[in-house]
2 protein chains.
Amino acid sequence: MGLSNISDLRKKEIVEAFYKTAIKEGLESTSIAKIAKSLDIPPSLIVHYYKSKDELVNALINHCLELYLKIFEKTYDSAIDSSQMLPSLINRMFSKDWNDLFDDGVYYSAYAMVFREPKFREKFSKIHKILRLKLSELLKECNETGMIKCINPDQTANQIFFLLDGTYFYINMLETYKEQNEHLESSKKLAYSILGL
Amino acid sequence: MGLSNISDLRKKEIVEAFYKTAIKEGLESTSIAKIAKSLDIPPSLIVHYYKSKDELVNALINHCLELYLKIFEKTYDSAIDSSQMLPSLINRMFSKDWNDLFDDGVYYSAYAMVFREPKFREKFSKIHKILRLKLSELLKECNETGMIKCINPDQTANQIFFLLDGTYFYINMLETYKEQNEHLESSKKLAYSILGL
DNA sequence: TTAATAGTTGAATGAGTATTCAATTAATTG
DNA sequence: CAATTAATTGAATACTCATTCAACTATTAA
């Protein structure tokens, strides 16, 4: 993480202010002026660092996807020993308080842009393919230790993520924590069943 | 379907123009002026029928959700006989050309509003709960005919939809039709397996 | 036919938008 | 210290936004 000069620091600061404002106001209705106000700087300074709004949105999407990836990587690293890794990962993936680390409102707004901007589509697919690859590799390792018997690790990794994404997609519509938790538990069980754990 | 007077016709016309414009330009960047232009009417006429932008967005979300629900209901009705209903439904749910009936870009943009507008959250959850209920009832019927042995139809219906939503969420990021189809096929198989078919 | 209502128009309002630019201050380098 | 570069400012640009309003034209009812 270089961020040596002021320029890079400012750029990061601006993107983070964008992210925070977008959480409150919504991604599409967050203007350069609003970001500037939250940082108490003139709007022209933001334009100085990001030549256009498009460039700024681009930087935000990068920021979001990196954040998303980091949360996953952190989950991987936190496992005590390798044999505990898979169940530990599944448990954390299907738990609401883990999901709360990231703002879904901004995430889905950014995702919606995938349908009109091919470059965003590529970014999103890249990150999600990386995540699937990581899980797939973990499954292969667990296969070798005899923990699981997974015939097609790539396919299974995909299935687990389908289940994960679909579950969060639904529970975000639900009001009570109780309801959300019940569905997460149900999906977690199904995930275990798919893995043969 | 009343739509007796001109007022109701105009209102529907406006919402549909909103939807079509949103497909091309994106939901959040579709203004009243743009909708008006596409209909070749002055913006003030739109405001006359929908007192505010918020009311207009509300009407669009209703329109989208009704459209979504209708697609499902049509799929239900199209089954030749009741014994064919379940496999026929699953096949159509997990096929891309069926999904293409509805614009996902607009759908996810609307979904993103769920995080800031409780009234939209309620609308979305209502529709999705109806869909799950319908599938659950179908599973119960299939249980009675002995077609399947589903211990918890409500939970199973949820799981099928988790898988469905998660699969579409992912394949929308993918470029090639081939890739998309492979994942849909894989998920369809898992759905069959979950149902014990 | 007259009166009342509903549909439609175009112009105007004020606030907010992204972006440009010249001027000014701060930091860095020779 | 002097010269150069980078960071910052504030004002101004042209444009789009949602919304208002008075005037106008159909349509309908009495």
Side-chain angles (χ1 to χ4, degrees), chain A residues 2-22 24-61 63 106 109-110 112-113 116-117 119-120, chain B residues 2-63 106 109-110 112-113 116-117 119-120:
Chain A
L3 298 186
S4 50
N5 49 37
I6 300 172
S7 173
D8 287 345
L9 278 168
R10 260 275 191 258
K11 285 190 112 178
K12 210 192 176 187
E13 190 184 26
I14 290 166
V15 171
E16 275 166 2
F18 190 2
Y19 178 61
K20 277 172 193 167
T21 312
K24 285 173 201 156
E25 311 236 5
L27 178 56
E28 310 266 4
S29 52
T30 299
S31 64
I32 292 176
K34 283 177 187 168
I35 303 167
K37 202 178 181 184
S38 84
L39 286 171
D40 202 35
I41 55 169
S44 50
L45 189 55
I46 291 178
V47 181
H48 176 252
Y49 286 105
Y50 295 97
K51 269 155 269 168
S52 68
K53 180 82 187 282
D54 185 78
E55 217 174 277
L56 194 53
V57 172
N58 201 60
L60 179 70
I61 289 187
H63 179 256
V106 179
S109 289
M113 291 181 179
R116 267 163 295 117
E117 286 284 346
K119 60 181 173 183
F120 293 157
Chain B
L3 300 185
S4 51
N5 50 35
I6 301 172
S7 174
D8 287 344
L9 278 169
R10 260 277 189 257
K11 286 189 110 176
K12 209 191 176 188
E13 190 184 26
I14 290 166
V15 172
E16 275 166 2
F18 190 2
Y19 177 61
K20 278 173 193 168
T21 312
I23 291 173
K24 287 173 202 157
E25 311 237 5
L27 178 57
E28 311 267 3
S29 53
T30 299
S31 64
I32 292 177
K34 282 177 187 169
I35 304 166
K37 203 178 180 184
S38 84
L39 287 170
D40 201 35
I41 54 169
S44 50
L45 190 56
I46 292 178
V47 181
H48 176 253
Y49 286 104
Y50 294 98
K51 268 156 269 167
S52 69
K53 178 84 188 280
D54 185 77
E55 218 175 278
L56 195 52
V57 172
N58 202 61
L60 179 70
I61 288 187
N62 285 338
H63 179 256
V106 179
S109 289
M113 292 182 177
R116 267 164 294 116
E117 285 286 345
K119 60 180 174 183
F120 293 158

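Here is the naming used below: chain letters follow the sequence lines, and residue numbers restart at 1 for every chain. Source: prediction; values computed, not measured.
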- Item | Which nucleotide in C/dT19, D/dA7, D/dA18 has an atom nearest any side-chain atom of A/I6 | D/dA7
- Spell out, as yes or no, whether a donor-acceptor pair under 3.5 Å connects the side chain of B/N5 to the backbone of B/D8. yes
- Item | Separation of atom NZ in A/K34 from atom P in C/dG16, rounded to whole Å | 9 Å
- Item | Euclidean distance, atom NE2 of residue A/H48 to atom P of C/dT20 [Å, nearest integer] | 13 Å
- Would you find a donor on one side and an acceptor on the other, under 3.5 Å apart, between the side chain of A/Y50 and the backbone of A/V57? no
- Message: If I take atom NZ in residue A/K51 and atom P in nucleotide C/dT20, what distance separates them, rounded to the nearest angstrom?
- Response: 11 Å
- Query: Rounded to the nearest Å, what distance is computed from the CD1 atom of residue A/I14 to the P atom of nucleotide C/dA18?
  - Reply: 14 Å
- Out of A/T30, A/I61, A/I46, which residue meets the side-chain contact (heavy atoms from CB on, under 4.5 Å) rule with A/L56? A/I46
- Message: What's the separation between atom OG1 in A/T21 and atom CG in A/L39, rounded to the nearest 0.5 Å?
- Response: 7.5 Å
- Message: When you measure only distances, ignoring hydrogens and angles, does the side chain of A/S31 come within 3.5 Å of the base of C/dG16 through a donor and an acceptor?
- Response: no
- Query: So which one's nearest nucleotide on DNA chain C is more toward 5', A/V47 or B/I41?
  - Reply: B/I41
- Message: In whole Å, I'd like the distance from the CD1 atom of A/I35 to the P atom of C/dG16.
- Response: 16 Å
- Message: Side chain of A/S44, heavy atoms from C-beta onward: which of D/dT19, D/dA11, C/dG7 has the nearest atom to it?
- Response: D/dA11
- Message: Taking only side-chain N and O atoms of A/R10, does any of them lie within less than 4.0 angstrom of OP1 or OP2 on D/dA6?
- Response: no
- Interatomic distance, A/L39 CG vs D/dA7 P [rounded to whole Å]: 16 Å
- Task: Could you check whether A/Y49 gets within reach of a base, just the sugar-phosphate, or nothing at all, counting any heavy atom under 4.0 Å?
- Result: sugar-phosphate
- Task: Quick one: pull up CZ in B/R116 and CG in A/L27 and give me the separation to the nearest 0.5 Å.
- Result: 8.5 Å
- Message: Could you tell me how far apart B/L45 (CG) and C/dA6 (C1') are, to the nearest whole angstrom?
- Response: 11 Å
- Message: Looking only at the side chain of B/K53 (C-beta and beyond, no hydrogens), which of the listed nucleotides D/dT9, C/dG10, D/dA18 gets closest?
- Response: D/dA18
- Message: Output the rounded distance in Å from NZ (B/K11) to C1' (C/dA6).
- Response: 14 Å
